[in-house]
Amino acid sequence: MTKRKLVLVGNGMAGVRCLEEIVKIDPNRFDITVFGTEPHPNYNRIMLSSVLQGDTTVGDIVLNSYEWYQEHNIQLYTGETVEKIDKNTNQVFTDKGRSVPYDDLIIATGSHPFMLPLPGADKEGVIAFRNIEDCETMIDTSKNYEKAVVIGGGLLGLEAARGLLNLGMKVDVVHILDYLMERQLDPTASGMLQAELEKQGMNFLMNHQTEAILGKKRVEKVLFKDGKVVKADLVVMAVGIKPNVDVAKASGIETNRGIIVDDYMKTSAPNVYSLGECAEHREMVYGLVAPLWEQAKVLAKQICEVGAGEGYQGSILSTKLKVSGVDVFSAGEFNDSPNSKAIRIQDDFEGIYKKVTIRDNRIVGAVLFGETSEGTKLLNMINNGTDIAEIGKVNILQSSPQEGSMVAEMADSEIICGCNGVSKGTIVHAIQENNLCSVAEVRDCTNASRSCGTCKGLVGELLEHTLGDEFEIGNEKETVCACTSLSHEEVVAEIREKGLSHTKEVMNVLGWTTPEGCSKCRPAINYYLGMVRPTDYEDEKESRFVNERMHANIQNNGTYSVVPRMYGGVTNPTDLRKIADVAEKYDVPLLKVTGGQRIDLLGVKKEDLPNVWKDLDMPSGYAYGKSIRTVKTCVGENFCRFGTQDSIGLGIAIEKKFERLNTPHKVKMGVSACPRNCAESGIKDVGIVGVDGAWEIYVGGNGGTDLRSADLLCKVKTSEEVLEMIAAYLQYYRENARYLERTSHWLERVGLDHIKETLLNNATFKLELVERMEIALASLPEDPWKTFIENEKQRTDLFQNKKGVEVTPS
Ligand SMILES: Cc1cc2nc3c(=O)[nH]c(=O)nc-3n(C[C@H](O)[C@H](O)[C@H](O)COP(=O)(O)OP(=O)(O)OC[C@H]3O[C@@H](n4cnc5c(N)ncnc54)[C@H](O)[C@@H]3O)c2cc1C
Ligand SMILES: NC(=O)c1ccc[n+]([C@@H]2O[C@H](COP(=O)([O-])OP(=O)(O)OC[C@H]3O[C@@H](n4cnc5c(N)ncnc54)[C@H](O)[C@@H]3O)[C@@H](O)[C@H]2O)c1
Ligand code: SF4
Ligand code: FES
């Protein structure tokens, strides 16, 4: 039987998802041709925000590689736009002069970003945020310029603004109304969101209407209706989208706001279908992915003639803002109205706000801020029209008392992954049928967690719930990242076994799926190589996190924090004078004593960093590094009437011995000279406490988000023994923990008993650890601030092509 010819116009998320469904249903039914204006295979547009925010790379977000198209015999033309469809001869015509016949045609051309028609909007540096090129323009611009203006305080504008802040730019967000995200939030939630984002460093110009973009060739300023002017090196317009109906309109296919389709995604032209953001169904056009997946399923069934049931019935929308540190969820009809009532919870102490709107005993909308774990449950209740008469109203907004029990209570039809419309039943079936045991395997098999990723937790709970005893979360193979199927332990073992010596080599030999790796695997591989080969591995600066590359912590307003080392928290008049002089000379706005007993110079301008380091002439405190941070000490025997030991002396010795050492995560230590514990040794990664003629060594403490008191490892008599035990313990941690695993998490994972057994009952192994630690310490580079001041190349590399940074001559 000859195959039917299927042409897809638009190589984006909706169209290609529909093809995936089609080849699943009937792989041999069609000869498929795809045209896409963009010069890329299909990628996850949603994740552009994460690329901009530095959490992933462009290579990571490809959904269907070129090989996928080949495997399915799909002829793909990228960088080619369909300009016209001839409905009479059933052909499409492209801008490259190609014509291709079709039996069936799908139009999935997405949207155009709406560009305000302002005077000056055509200047260089005025862009939208819609595709990879826009994302790359923003990243490149941030290397040479300082100030961005984002017009539009909706989902896209705020995600763009967060990304630009992460790139070190100052950002003004211009919003036309007096509260943000008015399409998704009520004024209370919006106010809380604005306050949180202001804390993160965003500056808001509310109630501002843009009048013109000013500048010569390139944008320089933005002018507002009230006459106010702000500086702008980059303007990002994020003021909404409009369906791309260009080709449909040019071809006489019926359009309104979008291309008009019926419940089976049929347009007004025979055998021509449409889906995605360009389609208008029952007078609705959508700008989120969840509805598109539903449409893709219906259209695939329709076009393969396997029965599309009642067709597509429309979607209730829910959204989450993808900005780290801010949890926002919104769904359905969340605004107050005369025929609905609301339940609200507001906790100003914890920054939590929850509201559900109810009509006729049914939830019709919800807004959650600060705590969004009930989002999925509420969305399911809205979609299912659950009658809440029987449920205590207060319970609706209570988190489930037993974590993990929520998935058990969910019906099979309830949706776990909102982005991809994957239900609990589908996931459970896939786990059981295919023996799946990790979130990554569930993603590959069902698409759940493939888009924004916020449902990963629920998928994990479902795995646990379905596999019962067979599934232990801790034992689930945790791959380093999506570029590889290998775990951290496997990568380290391969580096050792195969004698691998460079990041690229690791990726090539171990079959990485992306040639350049991503922001998760590159720093991890760099650390593992340095740990395994301390004497000959040359640290790869570009694989490090930005703060480590800059040797300073970037702050929410784009300035930096500088913390010089003060061994054991002890200082002297000369160092204090230098700090005071530097603070005055460089207008440092804030000097702050840190919890680690040193002085933080906050608000240092990027271009001042080298000279600040030079004038300070003190070692770096590594306050930015995955390395030894501080050794906090109490006053001890020299001054305190309770002290029987020299805590300061020991603290300084420890800090001097281990400073600059790379570790999987930051390591903080403390030495107290008696159990009153004034140096808080009980919540340190390594805490030492003096007790009658001996030192107790505590490990695995954490004073951060996951508060944990340290466990007693052992008691030793002398300072030398303390130093030796710390060396063994830290080397064991360095060799066995996963990159970015704090000592407290590592200790809980492997168990205190195991660590005691290894370090206390196996003298030979302990000695070997100490020896390897000594080799690592002997191979450490000199102080990075000093190197940077003396090495012009490093200075140029660090600031790339930003306006030159010179160290002033002495
Ligand atoms: C930065 C960003 C973040 C987002 N985050 C989220 C999120 O968190 N959650 C969510 O639900 N949604 C999010 N969205 C929206 C989501 O990405 C879109 O809803 C989705 O991509 C729409 O899919 P589509 O296939 O309809 O359109 P698109 O993905 O835009 O695909 C259309 C494709 O067709 C091509 N095309 C157009 N005309 C032609 C032609 N004539 N010939 C050939 N090719 C053509 C276009 O170049 C484009 O590649 C986000 C969008 C952006 C920009
Ligand atoms: N996390 C997510 O789900 C997510 C993230 C990014 C984008 N998206 C989707 O991408 C699409 C585009 O996002 P968007 O935020 O541009 O669209 P939007 O329509 O949701 O928001 C645009 C915002 O710009 C404001 N605005 C309009 N004109 C303005 C003007 N002249 N000056 C200042 N502000 C003005 C509006 O009041 C509105 O809040 C939407 O469909 C959105 O749902 C979703
Ligand atoms: S821990 Fe004990 S010795 Fe140290 S300062 Fe406090 S009371 Fe004094
Ligand atoms: S909810 Fe976004 S990927 Fe599952």
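Counting starts at 1 for both ligands and their atoms, following the listed order.
The atoms of ligand 2 that sit less than 4.0 Å from any heavy atom of Lys322 are 1 (N), 5 (C). Below 4.0 Å from some heavy atom of Ile151 lie the following atoms of ligand 2, by number and element: 32 (N), 33 (C). Listed by atom number, the atoms of ligand 2 under 4.0 Å from Leu116 heavy atoms are 31 (N). Taking every heavy atom of Lys320 and a limit of under 4.0 angstrom, the matching atoms of ligand 2 come to 1 (N), 2 (C), 3 (O). With ligand atoms numbered from 1 in the order given, ligand 3 contributes 1 (S) to contacts under 4.0 Å with heavy atoms of Asn677. Counting atoms of ligand 2 from 1 in the listed order, those under 4.0 Å from a heavy atom of Gly152 are 24 (O), 33 (C), 34 (N). For ligand 2 and Glu159, the ligand atoms under 4.0 Å from any heavy atom of the residue are 1 (N), 2 (C), 5 (C), 6 (C). Heavy-atom contacts of Val174 reach the following atoms of ligand 2: 33 (C), 34 (N) (cutoff under 4.0 Å).
Checking Asp86 against Gln91 by side-chain atom types alone, no donor-acceptor pair falls below 3.5 Å. Under 3.5 Å, the side chains of Asn447 and Arg443 contain no donor-acceptor pair of N or O atoms. No hydrogens or angles considered: a donor-acceptor pair under 3.5 Å links the side chains of Tyr43 and Glu38. Donor-acceptor pairing under 3.5 Å is recorded for the side chains of Asn64 and Glu20. The closest side-chain donor-acceptor pair between Asn244 and Ser111, if any, does not fall under 3.5 angstrom.
Ligand 2 has no nitrogen or oxygen under 3.5 angstrom from a nitrogen or oxygen of Leu321. An N or O contact shorter than 3.5 Å links Glu182 to ligand 2 by distance. Considering backbone and side-chain atoms alike, Leu156 places an N or O below 3.5 Å from some N or O of ligand 2. Close N/O approach between Ser49 and ligand 2 is not found [any backbone or side-chain N/O within under 3.5 Å]. Inclusion of Thr319 in the set of residues having an N or O under 3.5 Å from an N or O of ligand 2 is not warranted.
Counting heavy atoms from C-beta on, the side chains of Cys634 and Ser647 come closer than 4.5 Å.
Considering Leu48, Ile176, Leu118 only, the shortest heavy-atom separation from atom 33 (C) of ligand 2 involves Ile176. Between the choices Met181, Lys242, Arg183, the shortest heavy-atom distance to atom 18 (P) of ligand 2 belongs to Arg183.
Environment of NZ in Lys123: crowded, with over 12 heavy atoms of neighbouring residues, nucleotides or ligands closer than 6.0 Å. Applying the 6.0 Å contact sphere to CZ of Arg98 captures more than 12 heavy atoms from other residues, nucleotides or ligands. Residue-environment remark: CZ (Arg257) stays at or below the threshold of 12 foreign heavy atoms within 6.0 Å. With a 6.0 Å radius and a threshold of 12 heavy atoms from other residues, nucleotides or ligands, Lys249 has its NZ atom at or below the threshold. When the shell of 6.0 Å around CD of Glu254 is examined, it contains 12 or fewer heavy atoms from other residues, nucleotides or ligands.
The nearest protein atom to atom 44 (C) of ligand 2, hydrogens excluded, is given as Leu155 CD1, 3.6 Å; this is a heavy-atom distance. For atom 25 (C) of ligand 2, the nearest protein heavy atom (residue, atom name, distance) is His175 CE1, 3.7 Å. Counting only heavy atoms of the protein, atom 35 (C) of ligand 2 lies nearest to Val239 CG1, 3.6 Å. For atom 21 (O) of ligand 2, the nearest protein heavy atom (residue, atom name, distance) is Gly154 CA, 3.8 Å. In terms of protein heavy-atom proximity, atom 9 (C) of ligand 2 is nearest to Gly287 O, 3.4 Å. Of all protein heavy atoms, the one closest to atom 17 (O) of ligand 2 is Gly240 CA, 3.3 Å.
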Starting from the N and O atoms of ligand 1, find every protein N or O within less than 3.5 Å and list the pair with its distance.
residue	atom	partner	partner atom	Å
ligand 1	5 (N)	Lys322	NZ	2.8
ligand 1	8 (O)	Lys322	NZ	2.5
ligand 1	11 (O)	Val289	N	2.8
ligand 1	19 (O)	Glu277	OE2	2.5
ligand 1	25 (O)	Met13	N	3.2
ligand 1	25 (O)	Ala14	N	2.8
ligand 1	26 (O)	Glu277	N	2.9
ligand 1	29 (O)	Met13	N	3.4
ligand 1	29 (O)	Arg45	NE	2.9
ligand 1	29 (O)	Arg45	NH2	3.2
ligand 1	30 (O)	Arg45	NE	3.1
ligand 1	30 (O)	Arg45	NH2	3.2
ligand 1	30 (O)	Arg130	NH2	2.7
ligand 1	38 (N)	Asn244	ND2	3.3
ligand 1	41 (N)	Val82	O	3.0
ligand 1	42 (N)	Val82	N	3.0
ligand 1	44 (N)	Thr37	N	3.1
ligand 1	44 (N)	Thr37	OG1	3.1
ligand 1	49 (O)	Glu38	OE2	2.6
ligand 1	49 (O)	Arg45	NH2	3.3

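Heavy-atom separations between Thr210 and ligand 2 are all 4.0 Å or longer.
For Tyr312, the ring-ring contact (aromatic ring centres under 6.0 Å, His included) partners two or more places apart in sequence, or in a different chain, are His281. Remark: Phe224 engages His208 in a ring-ring contact (aromatic ring centres under 6.0 Å, His included) (not counting sequence neighbours).
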Quick one: do Thr94 and Glu80 satisfy side chain to side chain donor-acceptor pair (under 3.5 Å)? Show the steps, please. CA-CA 7 Å; Thr94 76; Glu80 191 157 341; 2.8 Å; yes

Any chance you could lay out the side chain to side chain donor-acceptor pair (under 3.5 Å) test for Thr267 and Ser274, step after step, and finish with the verdict? CA-CA 6 Å; Thr267 69; Ser274 180; over 6 Å; no

Derivation of the side chain to side chain donor-acceptor pair (under 3.5 Å) call for His40 and Asn11: CA-CA 9 Å; His40 311 283; Asn11 185 32; over 6 Å; no

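Formation of a donor-acceptor pair under 3.5 Å by the Glu696 side chain with backbone atoms of Gly690 is not found in this model.
Paired with Glu277 under the rule salt bridge (charged side-chain N to carboxylate O under 4.0 Å, His left out), one option of Arg45, Lys242, Arg130 passes, and it is Arg130.
In Ile241, the part holding a heavy atom less than 4.0 Å from any atom of ligand 2 is the side chain. Contacts with ligand 2 closer than 4.0 Å are made by side-chain heavy atoms of Leu288 only, the backbone lying farther away.
A salt bridge between Asp172 and Lys147 is present, with a side-chain N of the basic residue lying under 4.0 Å from a carboxylate O of the acidic one. Between Glu159 and Arg162, no side-chain nitrogen of the basic residue sits less than 4.0 Å from a carboxylate oxygen of the acidic one, so the salt-bridge criterion is not met. One finds a salt bridge joining Lys225 and Glu211 here, because a Lys/Arg side-chain nitrogen approaches an Asp/Glu carboxylate oxygen to under 4.0 Å.
With a cut-off of 2.8 Å, the protein N/O/S atoms near atom 8 (Fe) of ligand 3 add up to 1.
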